[in-house]
Amino acid sequence: MEAEKIERVAVLGAGTMGHGVAQVCAMAGVGVVMRDVAEPALEAGLAAIDKSLARFVKKQTLSQEDADAVRARVVTTTSLEDAVQDADLVVEAIPEIMALKLETFEALDRSAPDHALLATNTSSLSVTEIAAATSRPERVVGMHFFNPVPVMKLLEVVRGLRSSDEAIARATAFGERLGKQPIVVRDWPGFATSRLGIILGCEAIRMLEQGVATPADIDKAMELGYRHPMGPLRLTDLVGLDVRLSIMEHLFAELGEQFRPPALLRQMVRAGKLGRKSGEGFYRYP
Ligand code: CAA
C-alpha cells in the first residue's frame, strides 16, 4: 500500500510527543484518533494542539478556518481498540517502558487492521524487540519525531531487524507528506539522534558537577560557540530530566560506560526537578 493511502492515523499517547504527532498528521489532512488512558490527558493534549495552532494563526502561516479544520480532524478516545480498528498507521507515543510497549503492541496486533503500518516513537528502545511482540514484525518500524513536533524537520525512521522494505518506504513517504525530512537508520541503541544528543547532555551535567561553568554559561558555549539553537542543559529541561535519565539508563546498559547517568541528574529527578514540566530543572520556570 502506498503512503498516499494512509488516511487514518491512530496516535497512542496524548503527551508531548503524541499530541505533536497528532497535530502534524491533522495538518497534513489526515484523520487522527488520539488515544490516552484517561480523559484529563486527552484534554491536556487537545489544549496543547490549540496553543500550537494559535501560534501558526498569529504568524499568519495558517488561517483560523484551516486551524479549525485541523482541529476537527482530531478525535479522542480512551479505548485502544476503538482508536486503532480502522487505522492505516498507528504511532505509539507512550512512556519509554519496554514492558508497556510490549503490552501495547500485543494489543495492537489483536486490534489493528492487517494492512496497518505499526510505528513506535521510541527514542532509544529496540524496535526489533517491540516488533517481536506482534505476529507481523515486517510491518513494524520506528518513527522517531522531535520536540516540538510541529517545528522540528527531522523524522528518524528506524529499521528493525525484520522491518520490510515496503514498511520503511511507507514510513518515509508518509514522513515527507508531513513535511519532515526522513533519515533511515539501523535499529541500534540510541539510533543516530539520541546516541549523540544524550552524550552531549550527559557531558554537560558532568561539567556542572565538576564546577566547570554555570548552567547558563555551559549552554551559551554551545549556543554561541557551536550555533546550537539551545544548549544541552536547556534542552534537557525541555525534554524532561526523567525522560533523559531513562534513555541514559538504557544506553548505559546497552552501550557502556560513556552513558553512565551523572549522580546529579539522578538526584534532581529524585527531588522532582524534571525541567519545564515541573517548573524547575537546571533553570526555573515561574
Ligand atoms: N508549535 C508551533 N510553533 C512553535 C512551537 C510549537 N509548539 N514551538 C515553537 N514554535 C515556533 C515559534 O512560533 C517560532 O516561529 P517563528 O520563528 O516563525 O516566529 C519558532 O518556532 C521559534 O520559537 P521561539 O521564537 O518561541 O523560540 P526559539 O527560537 O528559541 O525556538 C525551539 C524554540 C524551536 C524549541 C528551538 O529552541 C529549538 O529548535 N530547540 C532545540 C529543540 C530540540 O533539539 N529538540 C529535540 C529534542 S530531543 C527529542 O525530541 C527526541 C527525544 O528522543 C527525546
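We count ligands from 1, going down the list as the structure has it; atoms in each ligand are counted the same way.
- Geometrically, Arg234 engages Tyr283 in a cation-pi contact, judged by NZ or CZ lying under 6.0 Å from the ring centre and within 45° of the ring axis.
- Ligand-side atoms of ligand 1 in range of Val239: 47 (C), 48 (S), 54 (C), range being under 4.0 angstrom from any heavy atom.
- At a heavy-atom distance under 4.0 Å, only side-chain atoms of His144, from C-beta outward, approach ligand 1.
- With a heavy-atom cut-off of 4.0 Å, Lys59 touches ligand 1 through its side chain alone.
- Asn121 has its side chain out of reach of Glu92: every pair of non-hydrogen atoms, C-beta onward, lies at least 4.5 Å apart.
- The contact set between ligand 1 and Met152, taken as ligand atoms under 4.0 Å from a residue heavy atom, comprises 39 (O), 42 (C), 43 (C), 44 (O), 45 (N).
- Between Asp242 and Lys277 there is a salt bridge, with a side-chain nitrogen of the basic residue lying less than 4.0 Å from a carboxylate oxygen of the acidic one.
- Ligand 1 is never approached by Val243 to a heavy-atom distance shorter than 4.0 Å.
- With a 4.0 Å cut-off on non-hydrogen atoms, Asn147 touches ligand 1 through its backbone as well as its side chain.
- Pairing each heavy atom of Val57 with each of Ser63, the nearest pair is CG2-O, 4.0 Å.
- Residue-level proximity to ligand 1 for Leu235 is carried by the side chain, the only part with a heavy atom below 4.0 angstrom.
- Annotation: side chain of Arg195 is in contact with side chain of Phe259 (closest heavy-atom distance under 4.5 Å).
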